[in-house]
A.B. asks: 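This is the structure, below, for whatever I ask next.
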Amino acid sequence: MKIYNSYTNQLEEFQPINKGVVNMYICGPTVYNYIHIGNARPVIFFDTVRRYFEHLDYKVNFVSNFTDVDDKIITKAIQDEVDEQEISEKFIAAFLADVERVNSKTDYNKPKVTNYMSNIINYIEKLVEKEFAYVVNGDVYFRVQNVKDYGKLSNRNIDDLISGSRIEINEKKENPLDFTLWKKTDVGIKFDSPWGEGRPGWHTECVAMIDDIFGGQVDIHGGGSGLKFPHHENEIAQSLVLNNHTIAKYWMHNGLLNIDNKKMSKSEGAVILVKDLDVDYNGFRLFMLSAQYRSPINFNDEALKSYVSEWEKISRIYASIHLKLDLENKLDDAKTVHPVLLEIYKEFLEAMNNDFNTANAVTALQKLLKLSNQLLRGNSDSGILLSALKLFDVFFDVLGLKIETKRLDSEEKEIYSSWVQARKNKDFDKADELRKTLSEKGII
RNA sequence: GGUCCCGUAGCCAAGUGGCUAAGGCAAUGGACUGCAACUCCGUGAUCGCCGGUUCGAAUCCGGCCGGGACCUCCA
């Protein structure tokens, strides 16, 4: 399997650190608001990565944090006249509800900053000891200057960054590029530290958590490409100094989502929240997986709708085959190997093995859709249809699509065969009535 | 000001040097059908423009036009 490593900017053969195990860490949300559909992209994509590894029988340890200490949370808490925890707990719950909405798995390890305060402080202390961090009046800053390769991930050099006119001048810093590890504060929630009361900067939590949970290095560290600089660059800098490695063997970054070719951003309006999306989330998920994850994806109503209707077609054929096999009591039979189905499965694997090319994986699903329709209309034998159904199950499982089917009870089967019989007898009044009943029961 | 990325049919999108440029949505013609729905078959591209490299380019190089991102919190 090949993965595009954004640290080295090339496709690399995936070799896990420990055989059969994939440790992955994805930067999670700062919980001060509902997430928008752009935020959903890493949630959906990295969940798909996880699912695919699991399909290949890897044991996946999936970790994604909650940043529950942050200026934005404090601001909101003051605004709403509640304490920070109330805000963060509310939006953690909201986040998980959205994760579930888009059919991403919620059973993963979710460390919170508030539970990691001593690890974070400890991590910063070590940086201070190594003299890669310095204390000024209760603030602690990371000294970027001496870190070799600073800027490699985001492909920029220190001189360019310094000459950039937009870097804020902070007189306490030795160098404008130095970033905050610990911030002395008067407002909002405060924690004790060797440097006085304050709160941690944003960039240490992930490395401290990875250090604690995985003992230093993960196989995959992922997040949106917006995090490359400065966040991930700074994570790497800290880890290089302390552990002499870049925390992750493979760095993966998803492209951003635009609306009408403009970046969707909490700070610039034009935001669609996940919870407010008024469409089938399977269709939404297909849409999100229809482009290669590193490319930007442009949100557009027409495109979204086309994937929603694609999903309707897929669920229709799935249900039809399921129903047919159910009526014939063949659902538990042995499936028959069918060469074309095997070919489609291979295409699917090939696509996913090629840096998780979900766009081509979706194409394989569409091929299965068309073939299934042909098989069903062509009165193929039940073994082949069952095998098609099982292949759908595999694709649904990996891509995170959810379909609900049920088996009919004997009474329902009775109604169904009466319907077929009525049509045969050209008793269309009765047939229509039975069809209505079946339709109301959600059977057809 | 600095650093990058992208431009494939109305829409989404694969393809990154080599057979007639995948696939889907929409549109349209046909088939199937008691009706309806579904479904199947068919129909569409001088790959933003200009030039170069090459036996050969959507794919590599240069210029231009258009769009976007990052350098500040951001998935």
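Here is the naming used below: chain letters follow the sequence lines, and residue numbers restart at 1 for every chain.
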A.B. asks: Between P on B:C12 and CD on A:Gln366, what's the gap in Å once rounded to a whole number?
C.D. replies: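 In whole Å, B:C12 P and A:Gln366 CD are 16 Å from each other.
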A.B. asks: Taking the P atom in each of B:G48 and B:A9, what is the distance between them to the nearest angstrom?
C.D. replies: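 Those two atoms are separated by 7 Å.
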A.B. asks: Once you apply the 3.5 Å cut-off to both distances, tell me the Watson-Crick or G-U wobble partner of B:G34, or none.
C.D. replies: none
A.B. asks: Under 4.0 Å between any heavy atoms, over every strand shown, what does A:Leu257 touch: base, sugar-phosphate, or nothing? Just pick one.
C.D. replies: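 The answer is base, as A:Leu257 lies within the cut-off (heavy atoms under 4.0 Å) of a base atom.
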A.B. asks: For B:G51, which nucleotide in any strand shown is its Watson-Crick or wobble partner with both distances under 3.5 Å?
C.D. replies: B:C61
A.B. asks: Which of the following nucleotides, B:G23, B:A14, B:A75, is nearest to the side chain of A:Asn39?
C.D. replies: B:A75
A.B. asks: Counting side-chain heavy atoms from CB outward, which of B:A22, B:G24, B:U39 is closest to A:Asn360?
C.D. replies: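 Of all the options, the side chain of A:Asn360 is nearest to B:A22.
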A.B. asks: Regarding A:Leu227, tell me which of base, sugar-phosphate or nothing describes its non-hydrogen contacts under 4.0 Å with the strands shown.
C.D. replies: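 Answer is sugar-phosphate: A:Leu227 comes under 4.0 Å of backbone atoms only.
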A.B. asks: Please state how far atom NZ in A:Lys152 lies from atom P in B:C70, giving the value in whole angstrom units.
C.D. replies: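 After rounding, the gap between these two atoms is 23 Å.
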A.B. asks: Are A:Phe53 and A:Phe14 close enough that their ring centers fall under 6.0 Å?
C.D. replies: yes
A.B. asks: Quick one: is the NZ or CZ of A:Lys110 closer than 6.0 Å to the six-membered ring centre of A:Tyr108, and within 45° of its axis?
C.D. replies: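 Output yes; distance and angle both within limits.
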A.B. asks: Work out how far the P atom of B:G29 is from that of B:C6, and round it to whole angstrom.
C.D. replies: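 So the two P atoms sit 40 Å from each other.
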A.B. asks: Nearest to the side chain of A:Ala359, which nucleotide is it out of B:G23, B:A14, B:C25?
C.D. replies: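 Selected nucleotide: B:A14.
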A.B. asks: Could you tell me how far B:C12 sits from B:A26 if I compare only their C1' atoms? Round to whole Å.
C.D. replies: 11 Å
A.B. asks: Paired with B:U20: which nucleotide, if any, by Watson-Crick or G-U wobble criteria at under 3.5 Å for both distances?
C.D. replies: none
A.B. asks: When the P atoms of B:U39 and B:G24 are considered, how many whole Å apart are they?
C.D. replies: 13 Å
A.B. asks: Please check the phosphate of B:C6 (OP1 and OP2 only) for any side-chain N or O of A:Asn298 closer than 4.0 Å.
C.D. replies: no
A.B. asks: Starting the side chain at C-beta, find the nucleotide from B:C73, B:A14, B:C38 nearest to A:Pro230.
C.D. replies: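 The nucleotide sitting nearest to the side chain is B:C73.
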A.B. asks: Quick check on A:Lys390: does its NZ atom have over 12 non-hydrogen neighbours (other residues, nucleotides or ligands) under 6.0 Å away?
C.D. replies: no
A.B. asks: Using a heavy-atom cut-off of under 4.0 Å over every strand shown, decide if A:Phe287 touches base, sugar-phosphate, or nothing.
C.D. replies: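 No contact at all - A:Phe287 keeps every heavy atom at 4.0 Å or more from the nucleic acid.
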A.B. asks: Please determine if a side-chain N or O atom of A:Asn300 lies less than 4.0 Å away from the OP1 or OP2 oxygen of B:C11.
C.D. replies: no
A.B. asks: For nucleotides B:G63 and B:U3, find the distance between their P atoms and express it as a whole number of Å.
C.D. replies: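 To the nearest whole Å, 13 Å.
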A.B. asks: A:Ser309 or A:Ala303: which one's nearest nucleotide on RNA chain B is closer to the 5' end?
C.D. replies: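 Result: A:Ala303.
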A.B. asks: Is there a donor in the side chain of A:Ser104 and an acceptor in the side chain of A:Arg285, or the other way round, less than 3.5 Å apart?
C.D. replies: yes
A.B. asks: What orientation do A:Phe45 and A:Phe356 show, parallel under 30°, tilted 30 to 60°, or perpendicular over 60°?
C.D. replies: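 Perpendicular: the ring planes of A:Phe45 and A:Phe356 meet at over 60°.
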A.B. asks: Considering only atom P, compute the distance from B:C55 to B:G15 and round it to an integer number of Å.
C.D. replies: 28 Å
A.B. asks: Identify the nucleotide, in any strand shown, that forms a Watson-Crick or G-U wobble pair with B:G29, with both distances under 3.5 Å; if there is none, say none.
C.D. replies: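 Result: B:C41.
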A.B. asks: With a 4.0 Å limit, can you tell me whether A:Lys367 has a side-chain N or O closer than that to the phosphate oxygens OP1/OP2 of B:G24?
C.D. replies: no
A.B. asks: If you take atom types as modelled and just measure distance, does the side chain of A:Asn258 reach the base of B:G67 with a donor-acceptor pair under 3.5 Å?
C.D. replies: no
A.B. asks: Which part of the nucleic acid, if any, lies within reach of A:Gly223 when heavy atoms closer than 4.0 Å are counted: base, sugar-phosphate only, or nothing?
C.D. replies: sugar-phosphate
A.B. asks: Without decimals, in angstroms, what is the distance between A:Asn373 CG and B:A37 C1'?
C.D. replies: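 Computing the A:Asn373:CG to B:A37:C1' distance gives 13 Å.
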A.B. asks: Please report, rounded to the nearest Å, how far the P atom of B:A37 is from the CG atom of A:Asp432.
C.D. replies: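 Taking CG of A:Asp432 and P of B:A37, I get 13 Å after rounding.
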A.B. asks: If I pick the P atom on B:G42 and the same atom on B:A37, what distance separates them, to the nearest angstrom?
C.D. replies: 23 Å
A.B. asks: At under 4.0 Å, does any side-chain N or O of A:Lys370 touch on OP1 or OP2 of B:C41?
C.D. replies: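 For A:Lys370, the contact criterion (side-chain N or O under 4.0 Å from OP1 or OP2 of B:C41) is met.
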A.B. asks: Given that both distances must come in under 3.5 Å, which nucleotide forms a Watson-Crick or G-U wobble pair with B:U46?
C.D. replies: none
A.B. asks: For A:Ser387 and A:His338, test the side chains for any donor-to-acceptor distance below 3.5 angstrom and give the result as yes or no.
C.D. replies: no
A.B. asks: Return the value, rounded to whole Å, for the distance between atom CZ of A:Arg316 and atom P of B:C38.
C.D. replies: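 For the pair A:Arg316 CZ and B:C38 P, the rounded distance is 6 Å.
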A.B. asks: Does any donor-acceptor pair link the side chain of A:Arg294 with the base of B:C5 at a separation under 3.5 Å?
C.D. replies: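 Flag unset: no donor-acceptor pair detected.
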A.B. asks: Give a yes/no on whether any side-chain N or O of A:Lys313 is located under 4.0 angstrom from OP1 or OP2 of B:C25.
C.D. replies: yes
A.B. asks: Measure from the side chain of A:Pro42, starting at C-beta and using heavy atoms only, and say which of B:A75, B:G24, B:C4 lies closest.
C.D. replies: B:A75
A.B. asks: Do A:Asp280 and A:Asn282 have side-chain N/O donor and acceptor atoms under 3.5 Å apart?
C.D. replies: yes
A.B. asks: Please state how far atom CG in A:Leu438 lies from atom P in B:C38, giving the value in whole angstrom units.
C.D. replies: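 Rounded to the whole Å, the gap is 18 Å.
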A.B. asks: Using the six-membered ring wherever Trp is involved, compare the ring planes of A:His203 and A:His231 and label them parallel, tilted or perpendicular (cut-offs 30° and 60°).
C.D. replies: tilted
A.B. asks: Quick one: A:Asn234 CG to B:C71 C1', roughly how many Å, whole number?
C.D. replies: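 So the two atoms are 13 Å apart, to the nearest Å.
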A.B. asks: Closest nucleotide of RNA chain B for A:Leu369 versus for A:Asn357: which of these residues is on the 5' side?
C.D. replies: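 The 5'-side residue here is A:Asn357.
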A.B. asks: Whole angstrom is fine here: how far is it from CE in A:Met24 over to P in B:A75?
C.D. replies: 18 Å
A.B. asks: Please determine, for the side chain of A:Arg435, which listed nucleotide (B:A36, B:A14, B:C25) has the closest atom?
C.D. replies: B:A36
A.B. asks: B:G15 phosphate, OP1 or OP2: any side-chain N/O from A:Gln292 under 4.0 angstrom?
C.D. replies: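 No, outside the criterion.
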A.B. asks: Quantified in whole Å, what is the C1' atom distance between nucleotide B:C11 and nucleotide B:A27?
C.D. replies: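 It works out to 11 Å between them.
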A.B. asks: Which base, if any, makes a Watson-Crick or G-U wobble pair with B:A69, both distances under 3.5 Å?
C.D. replies: B:U3
A.B. asks: Would you kindly check if the NZ (Lys) or CZ (Arg) of A:Lys275 is within the cone defined by 45 degrees around the ring axis of A:Tyr34 and under 6.0 Å from the six-membered ring centre?
C.D. replies: yes
